[in-house]
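Report on the following structure.
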Amino acid sequence: MKQLIKNYYDIDVVGIIKLSSKAYKIKSNDCLYVVKIVENKNIEKVNDYIEVLHLKCFVKPYFNKYNEVITPYKNQYCYLLPYVDNSQGALKEMKVKFYFETLAHIHLQSFYYTKINHDYFEILHHDILLIIQEREIFYENMMKNFETIVYRSPSQWMFVMNYYRIYESLCHARQYLSQYLELTKSYSQVRVCLNYKHFDYDHISLKQQCLLSIDNICIDLPIYDLFDMYQRIPDILFDLDCFSQYYFQKIELKEDEKLLLCCLMNIVPLIYYGNDEIENIIKLSRLLYYLDSIQAFIQQI
């Protein structure tokens, strides 16, 4: 990697630290960098979008000697970024607030309508319905298994007493999905925008007021960025409806977007019981926290 960086960026590397399987911290005599490993050249298109839209909320990658963002690396690709301090680990709430505000800005600057195939909504309906049915069968079997146990453990009792909430949530998901399909049956286009789709506390620098990764950015419906938040940070689920107001102060969702988001939110995540009783109780408690939080969120939108 040292020679590659020298050849493509004319940087003399004096040290390399592995941050993850796909990220390395690079030290030269006078500067720090980060090299990210990626599977394809999608970053080039993403960077073009960022530049055209003049989005200043992302760390700007360096161009190599061929004036390209992407550099071949073994059987993959890599790109080079300046190293940015993101060590404000104790300020999680501030990072979430900044993230929602930044999402709103990104979405607002990149919204456009795109035409869709005539079977787009039918395929989407079919795929989501399969997931709902999978969750229904999974939790129904879990309930049947626990009902036959004479001496249930505390976590099993806890599940049996709260199964009705899981069932109701999945029923709501079906209802929202039906409403969504009915509303969109004459639609020929949908609203899309840039989606970050990879919330991570380590990807946020409050000092530099920017997001540190562009690996997962894509064009999609705006609701998927919101849905992603609820799937990734269970530690502040109860507060998400408070933080999301920073998004909704700038963005108003369309009615079809609201219905689809409500549907997805109500598709209960899977949890798996193991041999650790305390861990089982924690898993189910988090699931119940999730159900409480999405109801507050749905009322907000």
Side-chain angles (χ1 to χ4, degrees), residues 39-40 42 45-46 103 107 110-145 159 162-199 215-232 234 237 240 244 247 251-272 283 286-287 290-291 293-295 297-301:
E39 300 290 334
N40 53 54
N42 186 56
K45 184 183 293 185
V46 168
L103 271 190
H107 290 182
S110 61
F111 273 135
Y112 68 92
Y113 282 87
T114 183
K115 290 184 178 180
I116 53 176
N117 296 328
H118 69 281
D119 58 350
Y120 170 85
F121 291 109
E122 290 184 7
I123 294 174
L124 184 62
H125 176 267
H126 175 267
D127 292 344
I128 294 176
L129 192 58
L130 280 180
I131 297 173
I132 294 173
Q133 291 170 343
E134 172 200 74
R135 305 295 162 88
E136 287 174 336
I137 293 171
F138 177 87
Y139 282 114
E140 184 179 353
N141 288 337
M142 201 168 169
M143 180 65 174
K144 288 178 179 178
N145 289 337
F159 179 87
N162 287 281
Y163 170 72
Y164 78 95
R165 297 188 61 192
I166 297 173
Y167 175 80
E168 286 178 352
S169 186
L170 291 170
C171 287
H172 290 153
R174 281 180 173 271
Q175 293 167 3
Y176 282 121
L177 184 60
S178 296
Q179 293 174 38
Y180 176 72
L181 194 64
E182 178 64 24
L183 179 65
T184 58
K185 62 184 179 183
S186 61
Y187 281 25
S188 60
Q189 58 184 13
V190 292
R191 185 172 71 159
V192 295
C193 62
L194 282 183
N195 271 226
Y196 190 71
K197 272 194 176 177
H198 193 195
F199 174 85
D215 294 8
N216 294 85
I217 292 178
C218 63
I219 301 294
D220 214 329
L221 304 178
I223 62 166
Y224 289 123
D225 260 337
L226 300 174
F227 180 59
D228 178 73
M229 289 290 290
Y230 275 78
Q231 302 298 299
R232 288 185 181 273
L237 275 175
L240 272 179
S244 57
Y247 179 87
I251 303 292
E252 182 177 355
L253 294 180
K254 305 295 184 183
E255 189 61 31
D256 60 297
E257 295 166 349
K258 292 179 182 179
L259 289 173
L260 183 57
L261 181 57
C262 289
C263 168
L264 295 176
M265 291 289 201
N266 274 286
I267 299 177
V268 185
L270 292 174
I271 60 169
Y272 297 91
K283 287 178 181 179
R286 284 179 175 169
L287 184 66
Y290 175 84
L291 295 179
S293 66
I294 63 170
Q295 294 310 312
F297 179 83
I298 287 173
Q299 291 175 9
Q300 182 184 11
I301 65 173

Among pairs that include at least one residue of residues 166-181, which meet salt bridge (Lys or Arg N to Asp or Glu O under 4.0 Å), considering only residues two or more places apart or in two chains? Glu136-Arg174

Between Lys197 and Asp228 (side chain of the first, backbone of the second, donor and acceptor by atom type, cut-off under 3.5 Å), is there such a pair? no

Consider only side-chain N and O atoms of His107 and Asp225, and report whether a donor and an acceptor are under 3.5 Å apart. yes

Any side-chain heavy-atom pair from Asp215 and His198 closer than 4.5 angstrom? no

Nearest heavy-atom pair of Ile132 and Ala173: which atoms, and what distance? CD1-CB, 3.9 Å

Separation of Lys45 NZ from Asn40 CG (nearest 0.5 Å): 10.0 Å

Interatomic distance, Ser188 atom OG to Phe121 atom CZ [nearest 0.5 angstrom]: 8.5 Å

Taking the side chain as C-beta and beyond, is there a heavy-atom pair between Tyr224 and Leu264 under 4.5 Å? yes

Please enumerate all residues that pass side-chain contact (heavy atoms from CB on, under 4.5 Å) together with Glu122, with sequence neighbours excluded. none

Output the distance between atom NZ (Lys258) and atom OH (Tyr176), rounded to the nearest 0.5 Å. 11.5 Å

Please examine the side chains of Asp127 and Ile123, heavy atoms only from C-beta on, and report whether any two atoms are closer than 4.5 Å. yes

Check whether any side-chain heavy atom of Leu221 lies under 4.5 Å from a side-chain heavy atom of Leu261, and answer yes or no. no

Report the residues that fulfil side-chain contact (heavy atoms from CB on, under 4.5 Å) with Asn162, sequence neighbours left out, ordered by chain and then residue number. Met158, Arg165, Leu288

One pair to check against ring pair (Phe, Tyr, Trp, His ring centres under 6.0 Å): Tyr290 and Phe297. What are the steps and the verdict? CA-CA 10 Å; Tyr290 175 84; Phe297 179 83; over 10 Å; no

At what distance, to the nearest 0.5 angstrom, does OG of Ser293 lie from CD1 of Ile298? 9.5 Å

How long is the gap from CD1 on Ile219 to OG1 on Thr114, to the nearest 0.5 Å? 9.5 Å

Closest heavy-atom pair and its distance - Lys185, Glu182: NZ-OE2, 2.7 Å

Working to the nearest 0.5 Å, report the span between CZ of Phe199 and CG of Asn216. 13.5 Å

Might you point out which heavy atoms bring Leu253 and Arg191 nearest each other, and give the distance in Å? CA-NH2, 3.9 Å

Considering only heavy atoms from C-beta outward, does the side chain of Ile251 approach that of Pro222 to under 4.5 Å? no

How close do Asp256 and Tyr187 get, counting heavy atoms only, and between which atoms? CG-CE2, 3.8 Å

Taking C-beta and beyond as the side chain, do Leu130 and Gln133 meet within less than 4.5 Å on heavy atoms? yes

For the residue pair Tyr139 and Phe159, does the interplanar ring angle fall in the parallel (under 30°), tilted (30 to 60°) or perpendicular (over 60°) class? parallel

Taking all non-hydrogen atoms of both residues, which atom of Leu170 and which atom of Val268 are closest, and how far apart? CD2-N, 3.8 Å

side-chain contact (heavy atoms from CB on, under 4.5 Å) between Val190 and Thr184, worked out: CA-CA 9 Å; Val190 292; Thr184 58; over 6 Å; no

